[in-house]
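Here's the structure we're looking at; comments come further down.
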Amino acid sequence: MGGPALAGVLVVFLSPAAILLIDAITFLPSILVLFLLRVADSPAQRGSSVLADLRSGWRIFWSYPWLWTVTLQFTFFNLLVWAPYLVLGPASADRFYGGASAWGLVVAGYGGGSVLGGLLIMRRRPRRPLVLTTLVTFAWAAPSAALALRAPLALVCLGALAAGISSSVFGTVWMTTVQLHVPAEALSRVMSYIAFGAFSIGPVGLALAGPLSDATSISTVLAVGVGWQVVANSVVLALPAIRGLRAEPDGKPLPIRPVSGPHPCRRDGCRVRARRGSRRVSP
């Protein structure tokens, strides 16, 4: 939270290159701490291969409609909303708000919102977790909307604060939901598909945001992202797979009942079980 604000102050006295060099040096303690971690090796499945793991992971991933729905939603979020914001936000700060110091305040607002969001969601277990995550992510469009309207800097910072709150609440509830409903032995494979799907075309948005803003305007590109976020979230919120996924107040999944009939995951030692609004693959 303090890093962006500090960078905004330092840029008055130092060159951007010097500040980036200081930033790079601060990664060294993190690297040293990571080397000190000791994690037990998990035994590989006998006779498994990378391709077999990919096929098995895909079957499990696809068996949860809510899982691939949210992943697809964030594929286009990163393409149309967040990538343009990351590129055009600094450009807007430089052109309309006075430069790096202003952008430092905006990013600091996002960091402060992330801390606040983490405190707000702590020890809370919503009954309909995906309804909550979809509702809060409307706020991710707030800083883009403020920049598109060329609102005062204070409102842009408030929009970034709201987006930061949204980020922490979404991340906490989403990751908890995935870990509660996906079998532990399949979690790494499923998370690989989530991460790949959500971020796979984000770099395209980063590359196109600048040229598209030159052809139209910064406000136009950001406004398209805001419109997409509102429409996409509204559609996702209306889906039964999203609205129907529930959890008990103690965070445990609801009781499940077996699904009749064969499933392609059977040869991997799994069987499918159904729950309200979702399907579950269990060992």
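Side chains included, hydrogens not; waters and symmetry mates left out as well; all remaining heavy atoms used.
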- Is Asp94 reaching over with its side chain to a backbone N or O of Gly99, donor-acceptor style, under 3.5 angstrom? no
- Message: One pair to check against side chain to side chain contact (heavy atoms under 4.5 Å, CB included): Thr216 and Val224. What are the steps and the verdict?
- Response: CA-CA 11 Å; Thr216 55; Val224 169; over 6 Å; no
- Message: Test your reading of the model: is there a side-chain donor-acceptor pair from Thr71 to the backbone of Trp68, 3.5 Å cut-off?
- Response: no
- Can you name the nearest heavy-atom pair linking Pro143 to Ala160, along with the distance? CB-N, 4.0 Å
Which donor-acceptor pairs under 3.5 Å do the side chains of residues 102-118 make with protein atoms, sequence neighbours left out?
from	atom 1	to	atom 2	distance (Å)
Tyr110	OH	Ser167	OG	3.2
Ser114	OG	Tyr110	O	3.1

- Please check if the side chain of Trp228 supplies one atom and the backbone of Leu80 the other of a donor-acceptor pair under 3.5 Å. no
- Message: Side-chain heavy atoms nearer than 4.5 Å, only ILVMFWY residues, links allowed to pass through others: does that put Leu120 and Phe138 together?
- Response: no
- Message: Is there a continuous path of hydrophobic side-chain contacts, each under 4.5 Å between heavy atoms, that joins Leu20 to Val87?
- Response: no
- Item | Gap between atom CG of Leu36 and atom CZ of Arg38 - 0.5 Å precision | 6.5 Å
- Task: Return the minimal non-hydrogen interatomic distance between Val81 and Gly225, and the atom names on each side.
- Result: CG2-O, 3.2 Å
- Item | Side-chain (Thr137) to main-chain (Thr134) donor-acceptor, under 3.5 angstrom | yes
- Query: Out of curiosity, Ser15 OG to Ile19 CD1, how far, rounded to the nearest 0.5 Å?
  - Reply: 7.0 Å
- Query: Just how far is it from atom CD of Gln73 to atom CD of Gln229, taken to the nearest 0.5 Å?
  - Reply: 6.5 Å
- Query: Looking only at atom types and distance, does a side-chain atom of Thr172 sit under 3.5 Å from a main-chain N or O of Val169, one as donor and one as acceptor?
  - Reply: no
- Side-chain donor/acceptor of Ser144 to backbone N/O of Ala141, under 3.5 Å: no
- Message: Within this structure, what is the CD1-CG distance for the pair Ile22 and Leu10, rounded to the nearest 0.5 Å?
- Response: 6.0 Å
- Item | Check against ring pair (Phe, Tyr, Trp, His ring centres under 6.0 Å), Phe196 and Tyr193 | CA-CA 5 Å; Phe196 176 77; Tyr193 280 106; 7.7 Å; no
- Polar side-chain atom of Arg189 near backbone of Glu185 as donor-acceptor pair, under 3.5 Å: yes
- Message: As an exercise, state the distance from CZ of Arg127 to CZ of Arg246, rounded to the nearest 0.5 Å.
- Response: 8.0 Å
- Heavy atoms only: give me the nearest Phe170-Trp140 pair and the separation to one decimal. CD2-CH2, 3.8 Å
- Message: Quick check: do Val173 and Pro126 have side-chain heavy atoms less than 4.5 Å from each other?
- Response: yes
- Item | side chain to side chain contact (heavy atoms under 4.5 Å, CB included) between Leu237 and Arg243, intermediate numbers included | CA-CA 7 Å; Leu237 191 61; Arg243 300 181 66 87; 4.0 Å; yes
- Query: When you measure from the side chain of Ser166 to the backbone N and O of Val136, does any donor-acceptor pair fall under 3.5 Å?
  - Reply: yes
- Message: Tell me the closest heavy-atom pair linking His181 and Trp66, and the distance in Å.
- Response: CB-CZ2, 3.7 Å
- Query: Taking Asn78 for the side chain and Phe74 for the main chain, is one N or O donor matched with an acceptor at less than 3.5 Å?
  - Reply: yes
- Message: Do Val204 and Leu212 land in one hydrophobic cluster if side-chain heavy atoms of ILVMFWY residues count as linked below 4.5 Å?
- Response: yes
- Query: Do the ring planes of Trp82 and Phe77 sit parallel (below 30°), tilted (30 to 60°) or perpendicular (above 60°)?
  - Reply: parallel
- Is Ser56 close to Arg59 at the side-chain level, that is, under 4.5 Å between some pair of heavy atoms? yes
- Query: Mind checking whether Leu208 and Val226 sit in one hydrophobic cluster, side chains of I, L, V, M, F, W, Y counted as touching below 4.5 Å?
  - Reply: no
- Note on the structure: Looking only at heavy atoms, the pair that brings Ala162 and Ala139 closest together is O-CB, 3.8 Å
- Item | Derivation of the side chain to side chain contact (heavy atoms under 4.5 Å, CB included) call for Ile194 and Val190 | CA-CA 6 Å; Ile194 293 173; Val190 170; 4.0 Å; yes
- Message: Can you tell me how far apart OG (Ser92) and CG (Leu222) are? Round to the nearest 0.5 Å.
- Response: 5.5 Å
- Query: Which atoms form the tightest heavy-atom contact between Val131 and Ile242, and what is the distance?
  - Reply: CG2-O, 4.1 Å
- Query: Do Ile218 and Leu147 pass the side chain to side chain contact (heavy atoms under 4.5 Å, CB included) test, and can you show the C-alpha distance, the side-chain angles, and the key distance before you say yes or no?
  - Reply: CA-CA 9 Å; Ile218 290 176; Leu147 289 171; 6.0 Å; no
- Heavy atoms, side chains only, cut-off 4.5 Å: are Arg128 and Leu245 in contact? no
- Same cluster or not: are Met175 and Ile165 linked, directly or through other Ile, Leu, Val, Met, Phe, Trp or Tyr residues, by side-chain heavy atoms under 4.5 angstrom apart? yes
- Task: Report the residues that fulfil side-chain contact (heavy atoms from CB on, under 4.5 Å) with Ser217, sequence neighbours left out, ordered by chain and then residue number.
- Result: Ser219, Thr220
